[in-house]
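Below, read A as the first sequence line, B as the second, and so on, with proteins coming before strands; counting in each chain starts at 1.
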Protein chains: 2
Amino acid sequence: MDSKHPRNPTRSLLLNHARRLFAERGFSAVSMRDIARSVGLQQSSIYNHFDSKQSILIELLRGHMLTLNQCRNDWLSDEVSATEQLIAFTQFHVAYHIDFPDDVFIAYMELRSLEPDNRKALVRLRDEYELSLQAIVQQGVTAGEFQCVDVAVHTRAIIAMLTGVTVWYRHDGRLDKDTVIHSYVTAALQSLGIPANDVAHQHELKKVKHV
Amino acid sequence: MDSKHPRNPTRSLLLNHARRLFAERGFSAVSMRDIARSVGLQQSSIYNHFDSKQSILIELLRGHMLTLNQCRNDWLSDEVSATEQLIAFTQFHVAYHIDFPDDVFIAYMELRSLEPDNRKALVRLRDEYELSLQAIVQQGVTAGEFQCVDVAVHTRAIIAMLTGVTVWYRHDGRLDKDTVIHSYVTAALQSLGIPANDVAHQHELKKVKHV
DNA sequence: ATAGTAAACGAACGGTCGTTCGTATGATAA
DNA sequence: TTATCATACGAACGACCGTTCGTTTACTAT
C-alpha cells in the first residue's frame with residue numbers, strides 16, 4: 001500500500017485535518033466521519049491510509065515529539081555557558097510552540113488516549129526533552145550562574161511557563177513574535193537569578209523548521 | 001425536586017465521581033453509564049439529580065471557578081507591598097492547585113465542551129482571576145519593585161508556571177508541599193527580578209479551604 | 001490493449017451514546 | 001391509614017460510533 005508513505009497527499013491532508021480537529025475538540029469528541037468530511041471523503045476511505053483512529057493519533061504525537069527533540073538538538077550547542085544555553089533553549093521552545101500550537105496541545109492532552117505501550121514510548125521522548133533542560137539548569141547551578149531551590153522543580157516550572165504561550169498567543173495580537181520571545185527569555189533568566197537587562201538581545205533568532 | 005440541593009448525598013457522590021472521571025479521561029470519553037456505575041446506580045437515575053451530562057460539567061466548572069476567586073480574595077490583602085502580595089498569591093495558587101488538581105485540569109481542558117453562553121460566563125471568571133495577578137505585577141512594576149518586559153505576558157507566564165505543579169506533584173513524592181511552594185515562590189519572585197533569598201520563608205502558610 | 005493496483009465509494013455490522021418513559025419502592029406528612 | 005413525592009429501576013428510543021466489506025474507478029506498467 002503506497003498510501004502509507006508520508007508523501008501521499010491525501011494522507012497528509014488527513015493528518016493535517018485530524019490534527020486541527022483533535023486540537024479543537026479532543027480526540028474522543030472527533031469521529032472518523034468528522035475527519036473524512038473535512039477532507040471530502042467517505043469515512044471508509046480513511047482506512048486506505050490508516051489502520052485505525054488511534055494510529056492517526058499515534059502518528060501525530062510521534063511526529064511531534066521526534067521533531068521537537070531533533071530541532072532542539074539542531075538548535076542548541078552544549079559548548080557554551082549554561083546562561084547562553086538557557087537563552088537558546090527558551091528562544092527555541094517558545095518559537096516552536098508558537099509555530100505548532102496544535103501539536104503541543106494534542107501532546108499535552110491526548111497521551112492518555114493511547115494504549116499503554118504507545119504511551120510509554122512517547123512519555124520517554126517527553127522526558128528526554130525535559131531532562132535536556134534540567135541538564136542545563138543543573139550545569140548553571142553547579143557553575144554558580146543560577147540560583148534556585150530545587151533543580152527538578154525549577155526545570156518543570158520554566159517549561160510550564162514557556163509552554164503556556166500556546167494558550168494565548170495570536171499572530172494578529174498586540175505583540176509580535178520576537179517581543180514575546182524576548183519577554184520569555186527575560187522571565188526565564190530572571191527566574192534563575194540572572195539580571196537579564198544586558199543579555200536578552202544579543203542572540204539573533206534562527207528560523208524553526210518543522211520536518 | 002429536593003435532590004437538586006447541593007447537600008443531597010447521592011448528588012454529591014455523583015459530582016465527586018464525575019469530577020474524577022472527567023479529569024482522568026476527559027468529558028467526551030466518559031459516559032453517563034460510567035458515572036452511574038462508579039456510584040452503583042443505573043444511568044437513568046442520574047437524571048433525578050441533573051438535567052443532563054453537560055449540566056454536571058457546568059456545575060463542576062462553576063463551583064471551581066467561584067471557589068478559586070473567593071478563596072483568593074479571602075487569602076490576599078491589597079494593603080501590603082506588591083512583593084508581599086506576589087508571595088501570598090503564589091503561596092495560595094500553588095497550595096490550591098496541589099489540593100484540587102482535578103478541578104484545575106477539567107477547567108483547563110473542558111471549557112470548550114460547554115455551550116457558548118456557559119463558556120463565556122466561566123471565561124469571565126477565569127479572566128477576573130488572571131487580572132487580579134496582573135494588577136499585582138503592574139503595581140510592582142510601577143513602584144519599581146519588579147522588572148519585566150511586558151506585564152500581560154509576564155503575568156500569564158507566572159500563572160502557567162505555577163499551574164504546572166498539577167502535572168507532576170504527588171503527595172508521596174520526593175518533596176513535601178511546603179518545599180514545593182517555597183520553590184515556586186522563589187521562582188516567581190526571581191522572575192520579576194527580586195532576589196528571593198531573604199523573603200521566601202517569612203510568611204507562614206495558611207490552610208486552603210474548599211467551600 | 002491489458003493486467004495490476006491504489007484509492008474511492010456506499011452499505012452494513014455490532015455496539016455505545018445521551019436521554020426518556022413508565023413503574024416500583026420507601027420514607028414522610030396528613 | 002393514606003396520600004405524596006423523591007428516588008431508584010430497567011427497557012427502550014433514535015442517533016452516532018469505529019470498523020469491515022464488496023465493488024467500482026482511474027492510473028501505471030507491461
Side-chain angles (χ1 to χ4, degrees), chain A residues 1-22 24-61 106 110 112-116 118-119, chain B residues 1-22 24-61 106 109-110 112-119:
Chain A
M1 212 189 296
D2 187 47
S3 61
K4 291 288 173 75
H5 193 281
R7 294 272 173 240
N8 182 295
T10 303
R11 186 184 159 87
S12 296
L13 213 56
L14 283 166
L15 273 178
N16 290 335
H17 283 250
R19 179 183 0 248
R20 188 173 45 79
L21 288 170
F22 289 165
E24 268 176 22
R25 308 181 204 166
F27 179 75
S28 299
V30 175
S31 70
M32 294 297 261
R33 287 158 178 84
D34 291 331
I35 301 172
R37 192 180 308 117
S38 78
V39 306
L41 288 181
Q42 293 296 319
Q43 64 261 29
S44 53
S45 303
I46 299 181
Y47 292 87
N48 288 320
H49 303 276
F50 297 94
D51 290 336
S52 64
K53 189 186 175 189
Q54 170 122 179
S55 76
I56 301 178
L57 179 60
I58 292 173
E59 184 152 332
L60 287 173
L61 291 174
I106 296 172
E110 304 297 356
R112 66 181 172 190
S113 301
L114 259 43
E115 290 143 9
N118 294 321
R119 180 167 58 242
Chain B
M1 209 190 297
D2 187 49
S3 61
K4 291 289 173 74
H5 193 282
R7 293 275 174 237
N8 181 296
T10 303
R11 185 183 161 87
S12 297
L13 213 56
L14 283 166
L15 273 178
N16 289 336
H17 284 249
R19 176 177 11 241
R20 188 174 45 78
L21 289 170
F22 289 165
E24 267 176 21
R25 307 180 205 167
F27 179 74
S28 299
V30 175
S31 71
M32 294 296 262
R33 286 158 178 85
D34 291 332
I35 301 171
R37 192 179 309 116
S38 79
V39 307
L41 287 182
Q42 293 296 319
Q43 64 261 28
S44 54
S45 302
I46 299 180
Y47 292 86
N48 288 320
H49 302 278
F50 298 94
D51 290 335
S52 64
K53 190 186 175 190
Q54 170 123 178
S55 75
I56 301 178
L57 179 59
I58 292 173
E59 184 151 333
L60 286 174
L61 291 175
I106 296 172
M109 293 207 344
E110 303 297 357
R112 64 180 173 192
S113 302
L114 258 43
E115 288 143 11
D117 285 353
N118 294 321
R119 181 167 58 241

Identify whether any heavy atom of A:V39 sits under 4.0 Å from a base atom; if not, whether one sits that close to sugar-phosphate; answer base, sugar-phosphate or nothing. nothing
Atom CG of B:L14 and atom P of D:dA6: how far apart are they, to the nearest Å? 17 Å
Looking at C:dC9, I'd like to know if its phosphate oxygens (OP1 or OP2) sit under 4.0 Å from a side-chain N or O belonging to A:S45. yes
Rounded to the Å, how far apart are A:I46 CD1 and D:dT20 C1'? 14 Å
Measure the distance from OH on B:Y47 to P on D:dC13 and round it to the nearest whole Å. 17 Å
Mark yes or no for whether A:R25, through its side chain, and A:V30, through its backbone, hold a donor-acceptor pair below 3.5 Å. no
In terms of side-chain heavy atoms of B:L41, which of D:dC9, C:dC17, D:dT7 is nearest? D:dC9
Side-chain contact check for B:S44: nearest option of C:dG18, C:dC21, D:dT20 is C:dC21
If you only use heavy atoms from C-beta on, which nucleotide in D:dT7, C:dA8, D:dC17 is closest to the side chain of B:H49? D:dT7
Is a side-chain donor or acceptor of B:E59 paired with a backbone partner of B:F50 at a separation under 3.5 angstrom? no
Any side-chain N or O of B:Q42 below 4.0 angstrom from OP1/OP2 of D:dG10? yes
Reading DNA chain C from 5' onward, which residue's closest nucleotide shows up sooner: B:S31 or A:T10? A:T10
Between P on C:dT19 and CG on B:D51, what's the gap in Å once rounded to a whole number? 10 Å
Does the D:dA6 base have a donor-acceptor partner in the side chain of B:N48 within less than 3.5 Å? no
Length of the CG-P vector between A:L57 and D:dG18, whole Å: 13 Å
Atom-pair distance (CZ on B:F50; C1' on D:dA6), nearest Å: 15 Å
Using 0.5 Å steps for rounding, measure from the OG1 atom of B:T10 to the CG atom of B:N48. 9.5 Å
Testing D:dT19, C:dC9, D:dA12 for proximity to the side chain of B:Q43, the answer is D:dA12
Taking C-beta and beyond as the side chain, do A:V39 and A:N16 meet within less than 4.5 Å on heavy atoms? no
Comparing nearest nucleotides in DNA chain D, the 5'-proximal residue of the pair A:A29, B:R33 is B:R33
Between CE of A:M32 and P of C:dT16 the distance, given in whole Å, is 18 Å
Closest to side chain of B:K53, choosing from C:dC9, C:dA8, C:dT19: C:dT19
A:F22 CZ to D:dG18 C1': how many Å, rounded? 12 Å
Value for CD1 (A:I35) from CZ (A:R19), rounded to nearest 0.5 Å, stands at 12.0 Å
